[in-house]
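Reviewing the structure listed below.
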Amino acid sequence: MDMEKVNSMDFGEFVDVFGNVIERCPLIAAAVWSQRPFSDLEDLEKHFFALIDALPQSGQEGILRCHPDLAGRELQRGTLTAESQREQSGAGLTSLGADERLRLAELNAQYRARFGFPFVLAARLTDPAAMPRELARRLHCPPAQELRTALGEVKKIGHLRLADLLCVDPSGP
Ligand SMILES: NC(=O)NC1=NC(=O)NC1=O
């Protein structure tokens, strides 16, 4: 999809296409639409990220709370969004052993109890074997720092999803 097509979309089409760039947060795309035209993927994602950065902490934590757990109930039940399903199964989370899945669930519960939002990381950029270690490491970070780290992962996921939608190589310039 080229930028001319993106810039010509009406509001409904734009939100239909880009509404899940930030997981289950179509409001972000709805707000970004009014800032068209966009010159390229970097320009478009800059507007998505600027909106996230401008949110109050409650809004930023709300974005994280919209994310399904890694290898959690939604993956088991098949109720993930198409993007999350692709990311999580692509990262091998559908073929974890029972003990690995239990370990991740325990760590996810500890993380959520400490921070009040789920552990988020860009599954496509992470070796599944390293996920429990990364979760355990971040579990001990100060809350303010962990919020920044988690939002950074939301942006990585958003970048990959935008690259897919625009058929751009995600490793880009
Ligand atoms: N809690 C999460 O990190 N969830 C996810 N990360 C991804 O890359 N896709 C997800 O659904």
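Quick caveat, the model's predicted, so the values are computed rather than measured. All values below come from the heavy atoms of this structure, side chains included, with hydrogens, waters and symmetry mates left out. Numbering of ligands and ligand atoms starts at 1, following listing order.
- Side-chain contact between Phe115 and Leu147: absent, with no pair of heavy atoms (C-beta onward) separated by less than 4.5 Å.
- In the vicinity of Ala123, heavy-atom distances shorter than 4.0 Å reach the ligand 1 atoms 7 (C), 8 (O).
- Exactly one residue among Arg86, Glu45, Glu23 makes a side chain to side chain contact (heavy atoms under 4.5 Å, CB included) with Arg161. That residue is Glu23.
- With a 4.0 Å cut-off on non-hydrogen atoms, Val120 touches ligand 1 through its backbone as well as its side chain.
- Across all non-hydrogen atoms, the minimal contact from Ala71 to Leu96 is CB-CD1, 3.7 Å.
- Close contacts of ligand 1 with Ile157, meaning ligand atoms under 4.0 Å from a residue heavy atom, involve 6 (N), 7 (C), 8 (O).
- Only side-chain heavy atoms of Gln88 come within less than 4.0 Å of ligand 1; its backbone N, CA, C and O stay farther off.
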**OP:** Evaluate the criterion side chain to side chain donor-acceptor pair (under 3.5 Å) for residue pair Gln57 and Glu61; output intermediate values, then yes/no.
**Re:** CA-CA 6 Å; Gln57 181 172 328; Glu61 291 176 351; 2.8 Å; yes
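- When Val17, Asp40, Leu41 are each tested for a side chain to side chain contact (heavy atoms under 4.5 Å, CB included) with Leu166, only one passes: Leu41.
- Short contacts between ligand 1 and Phe119, defined as distances under 4.0 Å to a heavy atom of the residue, involve ligand atoms 1 (N), 2 (C), 3 (O).
- Of all protein heavy atoms, the one closest to atom 5 (C) of ligand 1 is Leu70 CD2, 3.7 Å.
- A heavy-atom distance below 4.5 Å is found between the side chains of Pro128 and Leu93.
- Nearest protein neighbour of atom 3 (O) of ligand 1, counting heavy atoms only, is Leu121 N, 2.9 Å.
- Protein heavy atom nearest atom 9 (N) of ligand 1, with residue, atom name and distance: Glu87 OE1, 2.8 Å.
- A salt bridge does not link Asp127 with Arg133: every distance from a Lys NZ or Arg NE/NH1/NH2 to an Asp or Glu carboxylate oxygen is 4.0 Å or more.
- Close approach of ligand 1 to Ala122 (heavy-atom distance below 4.0 Å) involves ligand atoms 8 (O).
- Using a non-hydrogen distance threshold of 4.0 Å, Pro68 registers as a contact of ligand 1.
- Contact between Leu107 and Leu139 at its shortest, heavy atoms only, is CD2-CD2, 4.4 Å.
- In terms of protein heavy atoms, atom 11 (O) of ligand 1 is closest to Ser84 OG, 2.8 Å.
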